[in-house]
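Since the model is a prediction, treat every value here as computed from it, not as a measurement.
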Amino acid sequence: MHHTAIRTPTWVSRRRLLEQKISDLHKYSNLNHLKQIQAQILKSNLHEDPYIAPKLISAYSLCHQMSLAVNVFNLVLYPNVLLYNTLIRAYTQNSLYTQAFSTFFQMQRNCVFPDNFTYPFLLKACSGQFAFKQVQMIHTHIEKFGFSMDIFVPNALIDNYSKCGKLGVDAAKKLFDVMTERDVVSWNSMISGLVKAGELNEARRLFDEMPQRDTVSWNTVLDGYVKAGEMNAAFELFEKMPERNVVSWSTMVSGYSKAGDMEMARFFFDKMPFKNLVPWTIMISGYAEKGLANEALSLFDQMEKIGLKPDNGTFISILSASAEAGLLGLGKRVHLSIQKSRLRHSTQVCNSLVDMYAKCGSLDKAMGVFDGMVERDVVSWNSMLHGLAMHGHGEQALGLFSRMRREGVRPDGVTFIGVFCACTHVGLVNDGRNYFSTMEKDYGIVPQVEHYGCMIDLLGRVGYLKEAFELVKSMPMEPNAIIWGTLLGACRMHNDVELAEVAINQLIQLNPSDANNYTVLSNIYASIGQWDNFAKVRLQMKGTSTPKKAGASSIEVDNEVHEFTVADRTHPHSSRIYKMIDRLGYHLKQVGYVPRACY
DNA sequence: CTAGGGTTAG
């Protein structure tokens, strides 16, 4: 060997060094480190390098820094298919499906053609995220380019189609029927779509027709029975299965829990040969939903004791159940566990915490979590806004809305529901009307039936019944039962019998089998002395059935939830409770409260 | 492809 070794030119070594650093990026996910490297890349003029730019985008994507990732992308003058694929994948990794979708079309506008990787990134990672029309557009493009692809693409299309409602399932069926070659995944995806659409019989027919079935096929049909609440049929199928995995067992646990049979759920849970986080989550959330805080708490402790680390799904699921049932104690316990975990800064988890605290009435704690968040998305703002509005802090809620706009967060349709809810609670009719008229003009949000509902409630409550009714008539969509119900509520408040009759008749038309509506209508006729109409309605009523379960309120005392319905005397301290209510009623009347008139 | 999962008027 010569004593003077051949030196690598500096730019090559620098490039190699950078490449090495970039390859190691995923190990650190350290943002400062990343920015340093990007600066070096820019200095070396390597940002257009078809190998380096995608690596950098992926690294930023892993750090959830999509705006920085997009910056890298925008620096490249002529992005190629690899770069587009990387960006699409980065978007899907960060749950930004709309952006992934538009990037897909942007690449075609720029005459960069999708390759065999583009569709898998788009379809697989976004499975269940696209609306029917979007899947249809992707489908059209695939057919236009006429790729000769493996079975993966049609399978992914069926999967995506079958996750967007009835229309989607029909499209999936069509595609499934024309496929010349099908594997077990094609069948399973199709069956899963039918199960989701509630077409259980059709799903079962296909299942029986399959040339061969794997455990997924069995699990899918099992889930179909569970979703239909047919636990006996589910049990029968479960016993027939040639092989059961953790999903099969979890499906059974979930089914019994949803059916309210926690003993059977626990029986299956205890019998499972292997448990991952999912059955633990199902079981704990199941207990929580039913208000069984102690059972939920002890199981949560047990899960942590055996060394299982809850993931964000576990946290979110249990928190949502705690919020629903008002279990502040359980929620606090979960919060403690979150603070100790590496998920303490997860936006999704914090959003659930905000919602839980707000729904449990602990607004200070909700605000504390909200203020401590490193990154807030629109859901965070919506949760906090709605929490404030729900508990009567209308002004604070509207204040939060202006803060949201100041910080440059784009409100969405849900935000406005919170805003209207706040206006309703403070009685700010003019503000509500203003927000309603500007939401489309200034924010590009087309009012949906829900927004009309809020406005009708707002107008109706303060007695602007005519205006509320005009708004109902002006709706671009068919008013649903909730709209008429809201209007009816307003009529009740302000004793407008005529309009109440209109509303209730609409309700009966929409849902002729609901006996409740006939009762209300007959009471209206009774109250104005139209006894012939009263008799007519009572006669109509006889043909209907299904009295609904009475609405219930609940309160948590010492980790135990007590539920109450109208005229409930089942509680052991019932007489003391009613004595207290009477005293409260007396005091309320003293200060001028007039109970609302009821039909 | 199958089991748990964040905000939504009355």
Practice prompt. Let me know the distance between CZ of A/R492 and P of B/dG10, rounded to the nearest Å.
Written response: 14 Å
Discussion item. Regarding A/T314, tell me which of base, sugar-phosphate or nothing describes its non-hydrogen contacts under 4.0 Å with the strands shown.
Written reply: base
Practice prompt. For A/S320, report the nucleic acid contact type (base, sugar-phosphate, nothing); a contact means any heavy atom under 4.0 Å.
Written response: sugar-phosphate
Discussion item. When you measure from the side-chain N and O atoms of A/K163 to the phosphate of B/dT2, is any distance below 4.0 Å, counting only OP1 and OP2?
Written reply: yes
Practice prompt. Describe the nucleic acid contact of A/K359 in one word from base, sugar-phosphate, nothing, applying a heavy-atom distance below 4.0 Å.
Written response: sugar-phosphate
Fill in: Whole-Å distance separating the CG atom of A/N188 from the C1' atom of B/dA3
15 Å
Worksheet item: Which part of the nucleic acid, if any, lies within reach of A/G485 when heavy atoms closer than 4.0 Å are counted: base, sugar-phosphate only, or nothing?
Response: nothing
Discussion item. Taking the minimum atom-to-atom distance to the side chain of A/C454, which one of B/dA9, B/dT2, B/dC1 wins?
Written reply: B/dA9
Discussion item. For A/F315 and A/F300, take the angle between the two ring planes, folded into 0 to 90°, and tell me which bin it lands in: parallel under 30, tilted 30 to 60, perpendicular over 60.
Written reply: tilted
Discussion item. Just the rounded figure in Å: distance from C1' of B/dT2 to CG of A/D214.
Written reply: 9 Å
Show me, pair by pair, the donor-acceptor contacts under 3.5 angstrom made by side chains of residues 501-510 of chain A, not counting sequence neighbours?
residue: A/E501; atom: OE2; partner: A/Y525; partner atom: OH; Å: 2.7
residue: A/N505; atom: ND2; partner: A/E501; partner atom: O; Å: 3.1

Practice prompt. Report yes if the distance between the aromatic ring centroids of A/F269 and A/W280 is under 6.0 Å, otherwise no.
Written response: yes
Worksheet item: Got A/Y452 and A/F436 here, is their nearest side-chain heavy-atom distance under 4.5 Å?
Response: yes
Worksheet item: Under 4.0 Å between a side-chain N/O of A/K258 and OP1 or OP2 of B/dG4, yes or no?
Response: yes
Practice prompt. Give one of base, sugar-phosphate or nothing for A/N276, where a contact means two heavy atoms less than 4.0 Å apart.
Written response: base
Item to complete: Kindly check if the number of other-residue, nucleotide or ligand heavy atoms within 6.0 Å of CZ (A/R403) is above 12?
Response: yes
Practice prompt. Take the protein atom CD of A/Q212 and the nucleotide atom C1' of B/dC1, then report the distance between them rounded to whole Å.
Written response: 14 Å
Practice prompt. Would you mind reading off the distance between A/K309 atom NZ and B/dG4 atom P, rounded to a whole angstrom?
Written response: 24 Å
Discussion item. Is it the case that B/dG4 (base atoms only) and A/D311 (side chain only) share a donor and an acceptor within less than 3.5 Å, ignoring hydrogens and angles?
Written reply: yes
Practice prompt. Give one of base, sugar-phosphate or nothing for A/V354, where a contact means two heavy atoms less than 4.0 Å apart.
Written response: nothing
Worksheet item: What's the CG-P distance between A/D377 and B/dT8, to the nearest Å?
Response: 14 Å
Worksheet item: Choosing from B/dA3, B/dG5, B/dA9, which nucleotide comes nearest the side chain of A/S250?
Response: B/dA3
Discussion item. For A/F176 together with A/W187, are the ring centres under 6.0 Å from each other?
Written reply: yes
Worksheet item: Checking all strands, does A/N312 fall into the base, sugar-phosphate, or nothing category for heavy-atom contacts under 4.0 angstrom?
Response: base
Item to complete: Can you figure out which of B/dC1, B/dA3, B/dG10 approaches the side chain of A/T486 most closely?
Response: B/dG10
Worksheet entry | Presence of A/K196 side-chain N/O under 4.0 Å of B/dT2 phosphate oxygens OP1/OP2 | yes
Practice prompt. Tell me whether the centres of the aromatic rings in A/W249 and A/F238 are closer together than 6.0 Å.
Written response: yes
Return a table of donor-acceptor pairs under 3.5 angstrom between the side chains of residues 222-235 of chain A and protein atoms on other chains or two or more places apart.
residue: A/D223; atom: OD2; partner: A/K227; partner atom: NZ; Å: 2.4
residue: A/Y225; atom: OH; partner: A/R204; partner atom: NH1; Å: 3.1

Discussion item. According to side chain to side chain contact (heavy atoms under 4.5 Å, CB included), who are the partners of A/A171, at least two apart in sequence or on a separate chain?
Written reply: A/F132, A/Y161
Worksheet entry | Rounded distance in Å - CE (A/M439) to P (B/dT8) | 16 Å
Worksheet item: Of the nucleotides B/dG5, B/dA3, B/dT8, which one has an atom closest to the side chain of A/V414?
Response: B/dT8
Discussion item. Checking contacts here: which listed nucleotide (B/dC1, B/dG10, B/dG5) is nearest the side-chain heavy atoms of A/V216?
Written reply: B/dC1
Discussion item. Quick test of your reading: applying side chain to side chain donor-acceptor pair (under 3.5 Å), list the pairs with at least one residue in residues 190-199 of chain A, sequence neighbours left out, ordered by first then second residue.
Written reply: A/K166-A/E199, A/K173-A/E199, A/S192-A/K196
Item to complete: Would you confirm whether A/Q448, through its side chain, and A/V446, through its main-chain N or O, come within 3.5 Å as a donor-acceptor pair?
Response: yes
Response to the item:
Here the distance between atom P of B/dA3 and atom CE of A/M272, to the nearest Å, is 14 Å
Practice prompt. Could you check which residues of residues 277-284 of chain A get a heavy atom under 4.0 Å from DNA chain B? Sort them by number, please.
Written response: A/V278, A/T281, A/I282
Worksheet item: Counting only non-hydrogen atoms, which of residues 382-403 of chain A are less than 4.0 Å from DNA chain B?
Response: A/N382, A/S383, A/H386
Discussion item. Applying a 4.0 Å non-hydrogen cut-off, can you work out what A/S189 is touching in the nucleic acid: base, sugar-phosphate, or nothing?
Written reply: sugar-phosphate
Worksheet item: OP1 or OP2 of B/dG10 sitting under 4.0 Å from any side-chain N/O of A/R461?
Response: yes
